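No hydrogens, no waters, no symmetry mates; every other heavy atom, side chains included, goes into these values. In this text, all values refer to a predicted model and were calculated from it rather than measured experimentally.
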Amino acid sequence: MKVFKFQVDEAFAKKNNEMLKDTKRLQVSAIVFGVLLILAAAGLFAWWGQGSAVGLIGGIIALTFGLLSFFLAVVVPRKVGGAQQLYDTYPLAPAMIAEINERDYVIMALVNTNVNAEAPPRWGVALRTVNRIEGVTEPKLGTRIPVVAVQGRRSLGEQEHWDEISPMPIAWGTPDQEIVTAARRAIPEDQWSRLDKARRRLDEAKATKFNLLVL
């Protein structure tokens, strides 16, 4: 799986990329939580007084976690990166609509779970629930959607394989359907075929901890 290079429309991605929106919501939540903890620390100091063990220890704990929340609010968006950086970093992968719900639908992507991209592929399927993808006006099972496989985390005891991978549609980065079509055609047909056969294992994938099933 190779990286598919294209010019991301940053304004479009900011409006449509649900992964970036999730990061923004996390950032806002961290800031709000941090403010509440700082206020709690101030309240403990004011109510119990610094001479009280409850006020002093409780205030220090609340203040520490409040500052940690502000730190995460700054670090997380930088670690995730911007839209162009994400698309330029992670490999192109095939995805299909695997389940349709009343207000959203689930896409399943064929991904290489190896950390070492040069090693023979260790195939798996990764799931993501999405609300909308540009160009998909009527979601149908099996609809082909080119994505990038955003690698998320590894466990301490398993550093050679990814524990979490999230599909991010190419169509979240550009309104140009010709680019999306080019990305779809750039994916080998045997990968689309392998993914289509794996769709029957949707329930198994949903039962995993991080929506990633090794095939």
Side-chain angles (χ1 to χ4, degrees), residues 1-23 80-113 117 121 123-152 162 164-206 208 210-215:
M1 294 181 174
K2 304 298 182 181
V3 171
F4 178 77
K5 295 286 188 177
F6 71 101
Q7 183 61 49
V8 173
D9 185 321
E10 293 289 348
F12 179 86
K14 186 177 180 180
K15 181 179 178 181
N16 292 275
N17 192 313
E18 294 175 18
M19 183 174 291
L20 296 181
K21 289 182 178 180
D22 289 344
T23 302
V80 172
Q84 187 71 62
Q85 181 182 351
L86 287 169
Y87 284 111
D88 286 347
T89 301
Y90 296 105
L92 181 67
M96 291 180 177
I97 295 178
E99 181 179 70
I100 301 173
N101 304 312
E102 185 176 354
R103 293 184 176 84
D104 53 33
Y105 48 97
V106 178
I107 60 174
M108 173 187 285
L110 180 72
V111 297
N112 181 8
T113 63
W123 296 114
V125 287
L127 306 179
R128 182 180 179 88
T129 300
V130 302
N131 295 306
R132 181 179 178 275
I133 298 176
E134 184 77 9
V136 181
T137 54
E138 295 183 14
K140 296 180 181 179
L141 295 177
T143 298
R144 294 184 173 189
I145 299 170
V147 302
V148 294
V150 180
Q151 296 134 353
W162 297 105
E164 183 177 22
I165 298 176
S166 186
M168 186 172 73
I170 296 293
W172 280 354
T174 177
D176 189 341
Q177 289 302 304
E178 291 186 6
I179 293 177
V180 177
T181 298
R184 187 182 298 114
R185 290 174 177 171
I187 299 169
E189 190 60 36
D190 66 300
Q191 292 183 16
W192 288 113
S193 179
R194 186 188 294 267
L195 174 60
D196 194 39
K197 292 176 182 177
R199 279 198 296 133
R200 69 192 69 175
R201 303 185 67 180
L202 173 65
D203 290 338
E204 291 179 65
K206 290 170 69 174
T208 62
F210 298 115
N211 291 322
L212 176 62
L213 174 71
V214 177
L215 299 177

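- Arg128 and Asn211 form no side-chain donor-acceptor contact under 3.5 Å, judged by distance and modelled atom types alone.
- Considering all non-hydrogen atoms of both residues, Leu212 and Ala126 come closest at CD1-CB, 3.9 Å.
- Contacts of Arg194 classified as salt bridge (charged side-chain N to carboxylate O under 4.0 Å, His left out), with partners at least two apart in sequence or in another chain: none.
- With sequence neighbours excluded, no residue satisfies side chain to side chain donor-acceptor pair (under 3.5 Å) with Glu10.
- Atom CE of residue Met168 and atom CD1 of residue Ile133 lie 12.0 Å apart, to the nearest 0.5 angstrom.
- Taken from CD1 in Ile170 to CD1 in Ile187, the straight-line distance is 8.0 Å, to the nearest 0.5 Å.
- If you take CG on Asn17 and OH on Tyr87, they are separated by 4.5 Å, rounding to the nearest 0.5 Å.
- For Lys206, the salt bridge (charged side-chain N to carboxylate O under 4.0 Å, His left out) criterion is met by Glu99, not counting sequence neighbours.
- Between Arg132 and Asn16, some side-chain heavy-atom pair lies under the 4.5 Å cut-off.
- Pairs passing the side chain to side chain donor-acceptor pair (under 3.5 Å) check and including a residue from residues 175-189, sequence neighbours excluded, read Arg144-Glu189.
- Under the side chain to side chain donor-acceptor pair (under 3.5 Å) criterion, Thr143 pairs with no residue, sequence neighbours left out.
- Looking only at distances, no side-chain donor or acceptor of Trp172 sits under 3.5 Å from a matching main-chain atom of Glu134.
- The line from NZ of Lys5 to CD of Gln84 is 7.5 Å long, rounded to the nearest 0.5 Å.
- Under the side chain to side chain donor-acceptor pair (under 3.5 Å) criterion, Asn101 pairs with Asp104, not counting sequence neighbours.
- Side-chain contact between Phe6 and Val8 is present, with heavy atoms from C-beta onward closer than 4.5 Å.
- A pairwise comparison of heavy atoms in Pro169 and Ile107 identifies CG-CD1, 4.1 Å as the closest pair.
- When side chains are defined from C-beta on, Gln151 does not count as touching Val111, because their heavy atoms never get closer than 4.5 Å.
- Minimum interatomic distance between Asn112 and Pro121 (heavy atoms only, all atoms of both residues): OD1-CA, 3.5 Å.
- Contact check for Val136 versus Ile97: side-chain heavy atoms found under the 4.5 Å cut-off.
- Atom OH of Tyr105 and atom CG of Leu141 lie 12.0 Å apart (nearest 0.5 Å).
- Separation of atoms CG (Leu202) and CE (Met96) is listed at 13.5 Å; rounding is to 0.5 Å.
- Considering only heavy atoms from C-beta on, Arg103 stays 4.5 Å or farther from Asn131 through its side chain.
- Taking every heavy atom of both residues into account, Leu195 and Leu110 meet most closely at CD1-N, 3.8 Å.
- The two residues Val180 and Pro146 have their closest heavy-atom pair at O-CG, 3.6 Å.
- The two atoms that bring Tyr90 and Val148 nearest to each other are O-CG1, 3.8 Å, heavy atoms only.
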